[in-house]
There are 2 protein chains.
Amino acid sequence: MSQEKFDSTDLKILDALQRDGRLSNVDIAEQINLSPSPCLRRLRRLEEEAVIEGYKARLNRNRLGLAMTVFVQVKLRSHSADSVAGFEAAVQQMEAVVNAHTVSGSADYLLEVVVADLEGYDLWVRQIQQLSMVREIESNFALRAVKADAPLPL
Amino acid sequence: MSQEKFDSTDLKILDALQRDGRLSNVDIAEQINLSPSPCLRRLRRLEEEAVIEGYKARLNRNRLGLAMTVFVQVKLRSHSADSVAGFEAAVQQMEAVVNAHTVSGSADYLLEVVVADLEGYDLWVRQIQQLSMVREIESNFALRAVKADAPLPL
DNA sequence: TAACCTTGAGCAATATTATGTCGATAATTG
DNA sequence: CAATTATCGACATAATATTGCTCAAGGTTA
């Protein structure tokens with residue numbers, strides 16, 4: 001739809017930053033063989049156009065005591081606008097939910113939930129089950145991360 | 001297992017950085033009401049202990065022409081060490097796979113795959129189906145992101 | 001109580017960064 | 001081919017950031 005707007009230099013900047021979000025402009029410039037001034041111009045443009053939505057630190061969940069990641073498939077009772085809006089608002093307020101998508105297939109939503117332990121998960125499940133618009137959930141516990149938060153293929 | 005190692009000041013630093021990974025040390029210090037020197041000491045410690053695993057720019061997939069996100073459940077033919085190792089090595093090399101976990105439940109793996117369009121997905125599926133250790137895959141297309149890459153609950 | 005350990009505040013020196021300007025060059029378009 | 005536009009490299013500057021050092025305060029332990 002729009003990737004024609006970005007030349008290979010833009011992509012190199014984006015790729016450098018998705019691998020190390022704290023690179024300074026001069027470091028990026030050096031890495032992609034460009035001088036700092038045009039590099040900064042491009043970077044600012046990419047930020048303004050919201051191609052870069054933000055920056056974040058990648059934290060180690062286990063070391064923070066968040067040892068449990070669960071993928072939860074949710075089916076709603078009805079797909080009325082109210083049900084959908086209510087469910088999504090609830091999901092957005094739940095801090096344990098770090099990712100949520102509507103999906104094709106037999107489930108309506110796929111959520112990624114992060115909690116400390118089984119007890120924390122139990123508490124969260126009770127919250128979700130109290131939502132009247134939820135018909136059914138199926139939990140799949142992440143046993144091991146094979147690949148996490150890898151860079152996008154640019 | 002280990003969150004006793006972090007006091008509330010550490011958590012404030014981590015929380016600030018997972019929301020804005022480019023904050024300077026002085027900005028973090030101001031945000032959490034601490035002077036820059038101890039703030040930097042803590043930050044460096046958190047980096048050295050790999051509580052902070054790195055930093056990354058959050059890119060807008062749609063604007064980059066990566067309009068399709070697919071969650072793929074994979075079942076293996078056998079769970080021999082060779083099958084597992086071979087499959088995981090293949091997954092790690094596929095750039096379209098941005099997340100991969102082994103999971104409980106009927107599937108062995110849950111993958112998140114990012115491609116430009118259906119054609120790109122078709123190409124990827126053929127790659128995966130050529131792996132002899134793969135018995136079956138089920139694709140669930142992400143229709144809409146309700147929540148993406150939200151901060152961890154600290 | 002005294003010694004000790006941890007952690008914070010303040011300050012200074014250094015290094016680094018972001019950012020604007022300007023002329024040159026390359027690409028594009030009519 | 002000429003004119004226009006876009007983009008680059010180089011340089012200068014001003015603002016910021018990082019980092020080390022020292023001293024003080026608070027809490028802990030023997």
Side-chain angles (χ1 to χ4, degrees), chain A residues 1-66 151-154, chain B residues 1-60 62-66 149 151-154:
Chain A
M1 175 192 284
S2 59
Q3 68 275 40
E4 302 302 325
K5 295 181 57 178
F6 309 111
D7 61 17
S8 81
T9 305
D10 286 330
L11 295 181
K12 283 180 195 165
I13 293 173
L14 295 171
D15 196 43
L17 277 172
Q18 73 171 342
R19 289 167 201 278
D20 181 356
R22 297 213 73 159
L23 281 174
S24 72
N25 178 59
V26 290
D27 286 338
I28 302 168
E30 185 180 7
Q31 205 170 110
I32 70 176
N33 291 322
L34 189 69
S35 69
S37 3
C39 188
L40 184 69
R41 262 197 301 270
R42 284 167 179 269
L43 173 55
R44 290 289 175 258
R45 182 168 54 81
L46 293 168
E47 286 174 342
E48 275 166 25
E49 293 179 357
V51 184
I52 298 176
E53 295 179 335
Y55 301 88
K56 72 177 319 187
R58 278 178 27 228
L59 306 184
N60 186 308
R61 298 177 183 185
N62 289 331
R63 298 211 185 204
L64 289 163
L66 297 168
L152 298 176
L154 300 184
Chain B
M1 178 191 282
S2 57
Q3 69 274 41
E4 302 302 326
K5 295 181 58 180
F6 308 110
D7 62 15
S8 80
T9 305
D10 285 332
L11 295 181
K12 283 180 196 163
I13 294 173
L14 295 172
D15 197 43
L17 278 172
Q18 74 172 339
R19 290 168 200 278
D20 181 357
R22 296 214 73 157
L23 281 175
S24 72
N25 178 58
V26 290
D27 286 338
I28 301 168
E30 184 181 5
Q31 203 168 112
I32 68 176
N33 290 323
L34 188 69
S35 67
S37 8
C39 188
L40 184 69
R41 264 199 301 269
R42 284 168 179 270
L43 174 55
R44 290 288 175 260
R45 183 169 53 81
L46 293 168
E47 287 175 342
E48 275 167 25
E49 292 179 355
V51 183
I52 298 175
E53 294 179 335
Y55 301 88
K56 72 176 318 186
R58 278 177 30 229
L59 307 184
N60 186 306
N62 289 331
R63 298 211 184 203
L64 289 163
L66 299 168
D149 219 4
L152 299 176
L154 299 184

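Each chain gets a letter, A, B and so on, in the order the sequences are listed, and its residues count up from 1. All values below were derived from every heavy atom in this structure, side-chain atoms included, with hydrogens, water molecules and symmetry-related copies excluded.
- Atom-to-atom, CD1 of A:Ile28 to C1' of D:dC8 comes out at 17 Å; the value is rounded to the nearest Å.
- For A:Lys12, there are no salt bridge (Lys or Arg N to Asp or Glu O under 4.0 Å) partners two or more places apart in sequence or in a different chain.
- To the nearest 0.5 Å, atoms CG (B:Leu66) and CG (B:Leu64) are separated by 6.0 Å.
- Spacing between atom NZ of A:Lys12 and atom C1' of D:dT7 amounts to 15 Å, rounded to whole angstrom units.
- The C1' atoms of five pairs define one axis at each end of the helix from C:dT1-D:dA30 to C:dG30-D:dC1, and these two axes lie 40° apart (to 10°).
- Contact annotation for B:Arg44: backbone-only contact, meaning every heavy-atom pair under 4.0 Å involves sugar-phosphate atoms and none involves a base.
- Annotation: salt bridge (Lys or Arg N to Asp or Glu O under 4.0 Å) contacts of B:Asp20 (sequence neighbours excluded): none.
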Which donor-acceptor pairs under 3.5 Å do the side chains of residues 26-35 of chain B make with protein atoms, sequence neighbours left out?
{"from": "B:Asp27", "atom 1": "OD2", "to": "B:Ser24", "atom 2": "OG", "distance (Å)": "3.3"}

Table of protein N/O atoms under 3.5 Å from nucleotides 24-26 of chain D N/O atoms:
none

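- For the side chain to side chain contact (heavy atoms under 4.5 Å, CB included) test, residues two or more places apart in sequence or in another chain that qualify with A:Asn60 are A:Asn62, A:Arg63, B:Glu53.
- Applying the salt bridge (Lys or Arg N to Asp or Glu O under 4.0 Å) criterion to A:Asp15, with sequence neighbours excluded, gives A:Arg19.
- Evaluation of the salt bridge (Lys or Arg N to Asp or Glu O under 4.0 Å) rule for B:Arg22 yields no partner, not counting sequence neighbours.
- DNA chain D lies under 4.0 Å from at least one heavy atom of each of the following residues of residues 17-26 of chain B: B:Ser24, B:Asn25, B:Val26.
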*Could you run down nucleotides 4-10 of chain C 5' to 3' and tag each one B, S or - for protein heavy-atom contact under 4.0 Å?*
---SBBB
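- To the nearest 0.5 angstrom, A:Leu11 atom CG is 8.0 Å from A:Phe6 atom CZ.
- Between B:Asp27 atom CG and D:dA15 atom P the separation is 17 Å, expressed in whole Å.
- If you take CG of A:Leu43 and P of D:dC8, they are 13 Å apart, rounded to a whole angstrom.
- In terms of the side chain to side chain contact (heavy atoms under 4.5 Å, CB included) criterion, residue partners of A:Glu47 (sequence neighbours excluded) are, by chain and number, A:Leu43, A:Arg44, A:Ile52, A:Tyr55.
- Protein atom CD1 of A:Ile32 is 14 Å distant from nucleotide atom P of D:dT7, rounded to whole Å.
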*Can you check side chain to side chain contact (heavy atoms under 4.5 Å, CB included) on B:Leu59 and A:Leu154, steps first, answer last?*
CA-CA 11 Å; B:Leu59 307 184; A:Leu154 300 184; 4.1 Å; yes
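- We find the CG-CZ distance between A:Asn25 and A:Arg42 to be 12.0 Å, quoted to the nearest 0.5 Å.
- Rounded to whole angstrom, the span from the CZ atom of A:Arg45 across to the P atom of C:dT19 amounts to 16 Å.
- Under the rule for a side chain to side chain contact (heavy atoms under 4.5 Å, CB included), the partners of B:Arg41 that lie at least two apart in sequence or sit in another chain are B:Pro38.
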*Step by step, work out the side chain to side chain contact (heavy atoms under 4.5 Å, CB included) result for B:Lys5 and B:Asp10.*
CA-CA 9 Å; B:Lys5 295 181 58 180; B:Asp10 285 332; over 6 Å; no
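- We find that CG of A:Leu46 is positioned 12 Å from P of D:dT7, with the value rounded to whole Å.
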